[in-house]
Protein chains: 2
Amino acid sequence: MEQLSRVAGTVRPGGRTARVRAAVLQATQDELVEHGFHGLTMDQVAAAAGVGKTTVYRRWGSPAGLVTDLMTELADQSSPHADTGSIEGDLRANALAVCEAVNDGRLGATFQAMIAAATCDEQAANALRAFYRRRVEEWAGAVELAVERGELPKGTDAMEVIRAVSAPLYYRLVVTREPVTPEVAERSVQRTLAAARAGAFIA
Amino acid sequence: MEQLSRVAGTVRPGGRTARVRAAVLQATQDELVEHGFHGLTMDQVAAAAGVGKTTVYRRWGSPAGLVTDLMTELADQSSPHADTGSIEGDLRANALAVCEAVNDGRLGATFQAMIAAATCDEQAANALRAFYRRRVEEWAGAVELAVERGELPKGTDAMEVIRAVSAPLYYRLVVTREPVTPEVAERSVQRTLAAARAGAFIA
DNA sequence: AACTTAACGGGATTGGTGTCCCGTTAGTTG
DNA sequence: CAACTAACGGGACACCAATCCCGTTAAGTT
């Protein structure tokens, strides 16, 4: 899809192009909330955004392309890790952040759409990987600080700890499709912590 | 979808109907391997199965319906838990089974399709939940035996332990789309075990 | 073996998605 | 501020999935 390369490095990035993109991404999110990824049609997005259908096809090519662009937009918004002073507090903050995000109507629909898009489009899959890589890297800092403070053993794989906290939440969200509650988040934190303290995350 | 209720409790379940169903499910799996869930068209399935297109629409209604029926078929095939004598061996057997399943061309494609179908169809989501509930229940027995043997503390939530072992694997498969290797499986086993031994799975 | 009817199959029809063509709009440049 | 052209927009068109109609096949019944 070299349509997306155009999105990234537009030849003429001035006012109108940017306005159109903003309107289209906004409309995409609205449609995702209402109909989900599978119900996302280029036609409706164009109409909702008040732009020509041709334009949407030209620049994004497919529903997956729309979601991919939305994803890169979200990826650019940094979410720095919490610093509550203890690794337990930091991991809890992370787990609750995921919990709130997937339960929020707007963000939750977008997250699910991102995952659905990744199952049918390689570009979307790459964007999703990049998105989570960045998120995990940002939060890994909290684990590294904990190691320095002596809360966790030396050699603990920081990124794996962060992944381990959210894995059960996404497992419920995507695979078993059970509710992702704060209680589930807390249990995930405690289990991950127990394993980490026991040295199970040493590379 | 009362089409599916017909599949389950067919009025005339004799030879032809069963033959058609077998041929269609077979063709569905073939198509999934080749094109994935999003490339699954009723038309091609009908052609590959050598049955009328009308029949496929009548009985299954949509690609999601096809995958849902395939899922119930797989759910009926029991996969009794291993009994290696130690909880570590049993959990390892479970993790490796998941690992092999998702990496197997045929089964892996079906698993991914099941998850994709669940994201866009409520019936499929229910079938997926039922599928995993059954699988988890069967393997929970291994954990209960381990508790009786004294390998894990009393009160350990058996089903949660099984879920915890596979969560990181599915997380990689669906969310970050990284390879699911035997090494990843082993790490998941060790971390889950460490947490379980520390009592983090006591309800 | 004759009868009934559930289930299947072929072919026509339709509705909507995705593409194409070409005129218009509005950033950009000098 | 005038010329240039990237990007947009409307409308026509092609194509394919999904539905419908109705005749045919074969499972189940007596």
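Throughout, protein chains are lettered first and strands after them, A, B, ... in sequence-line order, and every chain is numbered starting at 1.
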Original post:
Quick one: is Arg58(A) getting a side-chain N or O under 4.0 Å of the dT19(C) phosphate, OP1 or OP2?
Top reply: no
Original post:
Considering only heavy atoms from C-beta outward, does the side chain of Val56(A) approach that of Lys53(A) to under 4.5 Å?
Top reply: no
Original post:
Starting at CG of Leu66(B) and ending at P of dA17(D), how long is that distance when rounded to a whole Å?
Top reply: 14 Å
Subject >> Arg59(A) side chain near dC8(D) phosphate (N/O to OP1/OP2, under 4.0 Å) >> reply: yes
Original post:
Which whole-number value in Å describes the distance from Trp60(A) CH2 to dC8(D) C1'?
Top reply: 11 Å
Original post:
Does Tyr57(B) have a side-chain nitrogen or oxygen under 4.0 Å from the phosphate oxygens OP1 or OP2 of dT19(D)?
Top reply: no
**OP:** Applying salt bridge (charged side-chain N to carboxylate O under 4.0 Å, His left out), name anything that partners Glu186(B), two or more places apart in sequence or on another chain.
**Re:** Arg92(B)
Original post:
What is the distance from CG of Leu40(A) to C1' of dG16(C), rounded to the nearest Å?
Top reply: 15 Å
Subject >> Close side-chain approach of Ile162(A) and Val165(A), heavy atoms under 4.5 Å >> reply: no
Original post:
To the nearest angstrom, how far is Asp43(A) atom CG from dT17(C) atom P?
Top reply: 5 Å
Original post:
For DNA chain D, what residues of residues 46-56 of chain B have any heavy atom nearer than 4.0 Å?
Top reply: Lys53(B), Thr54(B)
Original post:
So do the side chains of Pro168(A) and Arg163(B) get within less than 4.5 Å of each other, counting heavy atoms only?
Top reply: no
Subject >> Between C1' of dA7(D) and CZ of Arg19(A), the distance in whole Å >> reply: 12 Å
**OP:** Answer yes or no: does a side-chain N or O of Arg16(A) lie under 4.0 Å from OP1 or OP2 of dT24(C)?
**Re:** no
**OP:** Decide yes or no for Asn126(A) and Glu122(A): does some side-chain heavy atom of the first lie under 4.5 Å from some side-chain heavy atom of the second?
**Re:** yes
Original post:
When the ring planes of Tyr170(A) and Tyr171(B) are compared, do they come out parallel, tilted or perpendicular, using 30° and 60° as the limits?
Top reply: tilted
